[in-house]
Asker: 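This is the structure I want to talk about, given as structure tokens.
Each chain gets a letter, A, B and so on, in the order the sequences are listed, and its residues count up from 1.
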2 protein chains.
Amino acid sequence: MNAQDVILGLLSEQPRTGYEIKRHFEQFFSFFFDASYGTIYPTLIKMEKAELITKEAVRQEGKPDKNVYTITPAGRQRFERYLHAPAAKEVLRSDFLMHLYFGQTAGEEAVKDLLLGEIEAKRGLYEDLQRKLERLEEGKALTRYQKMSIQIGLAQYRATIDHLNELLKEEFGS
Amino acid sequence: MNAQDVILGLLSEQPRTGYEIKRHFEQFFSFFFDASYGTIYPTLIKMEKAELITKEAVRQEGKPDKNVYTITPAGRQRFERYLHAPAAKEVLRSDFLMHLYFGQTAGEEAVKDLLLGEIEAKRGLYEDLQRKLERLEEGKALTRYQKMSIQIGLAQYRATIDHLNELLKEEFGS
DNA sequence: TAAAACATGTAAGTAGTTACATGATTCC
DNA sequence: GGAATCATGTAACTACTTACATGTTTTA
């Protein structure tokens, strides 16, 4: 999975601008994918050259002009290929766990703060994601599977928060 | 967190070769960090030039020669700086969740297979990590915090497997 | 009046992977 | 005899981020 696959997927739902794609990443994919404008815009240009998508420039009043991208049949085919290929293995990069691993060097107080910080961070992410899900459910624009993927994120956060809280109680008694 | 920080951490425990560092990544960090030889060896060379570590060539019988790296005081200082800086935010990249998100396009059968596959994959990772933990506990070479970080991984896998199994039952009735 | 939202793009740099290249020894 | 383990390294490439660059309108 790279930025191109994901962008193709979003454009297979409907035409979108680079700006809208980025917003979608933040709203739906925040906990398992991200890409910056510095990736999105060059990728769109590259994909247009490869004829996977087409660009339409749209003039707007009171706002900057925008480029709306539409997927082509070749683009759709490419996306199908990605979708039916086996999912690549998940990659987690956790600086929190790395810090914890070296806790002996950092000292008990530092580790306690680390745990407290991680719990707070995860709680924030959890609430944020929950609010997003609520807002999206009101809008009714959510497929069954989109909802599932968000709920998996929620369950994962929840489980981590619970486990970390237990650890804190057991190991540091507070 | 980058490869340099982590390597510095491992060398702060004891002198090691590039090969041993890679093996350690696999044994301890498999679920929250990884780096290939193509990263490790060039990084070691760069760090030696920066005088964060020193190299000692060791001749061996019946095995290739090896380069044993030792951390310098400057390297230790650099590692402390990393360790006391706030932990960078965790990054997850899940192609499984991306596939699930686009389940509507892929179809119900494909999604069911996807879930089944993910459960199997996670179960494998869980058992693997559990075996690693057992072996390491026998060896008694584990600090309290090292054990904690592995247990967090185990709890995370466990929670995901359970949640995915429930999803499968509820949504696909099998 | 300042920040957020809307909107696009580039240049320079960072950080990594994959594949190749080599070669002995030990275990199955 | 073949796979796994031990052991190091490079070249080409991929994929991304960060910072810069610009400018309007709406909202708090």
Asker: Any donor-acceptor pair under 3.5 Å linking the side-chain atoms of A/Gln104 with those of B/Tyr145?
Answerer: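 Side-chain D/A pair, B/Tyr145 to A/Gln104: absent.
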Asker: Closest approach to the side chain of A/Lys55, judged atom by atom: which nucleotide of C/dC6, C/dG9, D/dG9 is it?
Answerer: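 That would be C/dG9.
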Asker: Whole angstroms only, please: what is the NZ-C1' distance between A/Lys49 and C/dG9?
Answerer: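 Roughly 13 Å, once rounded to whole Å.
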Asker: Salt bridge check: are A/Arg123 and A/Glu120 linked by an N-O gap of less than 4.0 Å?
Answerer: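 So A/Arg123 pairs with A/Glu120 through a salt bridge.
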Asker: Whole angstroms only, please: what is the CD1-C1' distance between A/Ile7 and D/dC16?
Answerer: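 Checked: the CD1 to C1' distance equals 12 Å.
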Asker: Rounded to whole Å, how long is the line connecting atom CD of A/Glu26 with atom P of C/dC6?
Answerer: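 These atoms are roughly 11 Å apart.
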Asker: Between B/Glu26 and B/Lys22, does at least one N-O distance fall below 4.0 Å, as a salt bridge requires?
Answerer: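 So B/Glu26 pairs with B/Lys22 through a salt bridge.
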Asker: For B/Tyr69 and B/Arg23, find the nucleotide of DNA chain D closest to each by heavy atoms; which residue's nucleotide sits nearer the 5' end?
Answerer: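 Looking at the nearest nucleotide for each, B/Arg23 comes out on the 5' side.
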Asker: Write down the distance between NE2 (A/His24) and P (C/dC6), rounded to a whole number of angstrom.
Answerer: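 My rounded result for the distance is 15 Å.
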Asker: Is it the case that A/Arg76 places NZ or CZ above or below the six-membered ring of A/Tyr82, under 6.0 angstrom from the centre and within 45 degrees of the axis?
Answerer: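 The answer is no, since A/Arg76 fails at least one limit relative to A/Tyr82.
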Asker: Can you check whether B/Gln60 has a side-chain N or O nearer than 4.0 Å to OP1 or OP2 of D/dA7?
Answerer: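 B/Gln60 to D/dA7 OP1/OP2: side-chain N or O found under 4.0 Å.
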Asker: Return yes if a side-chain donor-acceptor contact under 3.5 Å exists between B/Glu56 and B/Thr70, otherwise no.
Answerer: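 Absent: no donor and acceptor within the cut-off.
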Asker: Would you mind reading off the distance between B/Lys66 atom NZ and D/dA7 atom P, rounded to a whole angstrom?
Answerer: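 Rounded to whole Å, this separation is 5 Å.
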Asker: Can you see whether A/Phe29 has B/Arg93 sitting over its ring - NZ or CZ less than 6.0 Å from the centre and within 45° of the normal?
Answerer: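 The answer is no, since B/Arg93 fails at least one limit relative to A/Phe29.
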Asker: What nucleotide among C/dT10, C/dT8, D/dG9 has an atom nearest to a side-chain atom of A/Ile45?
Answerer: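 When the side chain of A/Ile45 is considered, C/dT10 is the closest of C/dT10, C/dT8, D/dG9.
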Asker: Which nucleotides of nucleotides 11-24 of chain C have their base under 4.0 Å from a protein heavy atom (B), which only their sugar-phosphate (S), and which neither (-), written as one string 5' to 3'?
Answerer: ----SSBB----B-
Asker: Please report, rounded to the nearest Å, how far the P atom of D/dA7 is from the CZ atom of B/Phe25.
Answerer: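 Value for this atom pair: 17 Å.
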Asker: Give a yes or no on whether a salt bridge exists between B/Lys147 and A/Glu171, defined as a side-chain N under 4.0 angstrom from a carboxylate O.
Answerer: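 Salt bridge absent between B/Lys147 and A/Glu171.
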Asker: Measure from CG on B/Asp65 to C1' on D/dA7 and round the result to the nearest Å.
Answerer: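 From B/Asp65 CG to D/dA7 C1': 9 Å.
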Asker: Measure NZ/A/Lys22 against C1'/C/dA4 and give the value in whole Å, please.
Answerer: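 Going from A/Lys22 (NZ) to C/dA4 (C1'), I get 16 Å.
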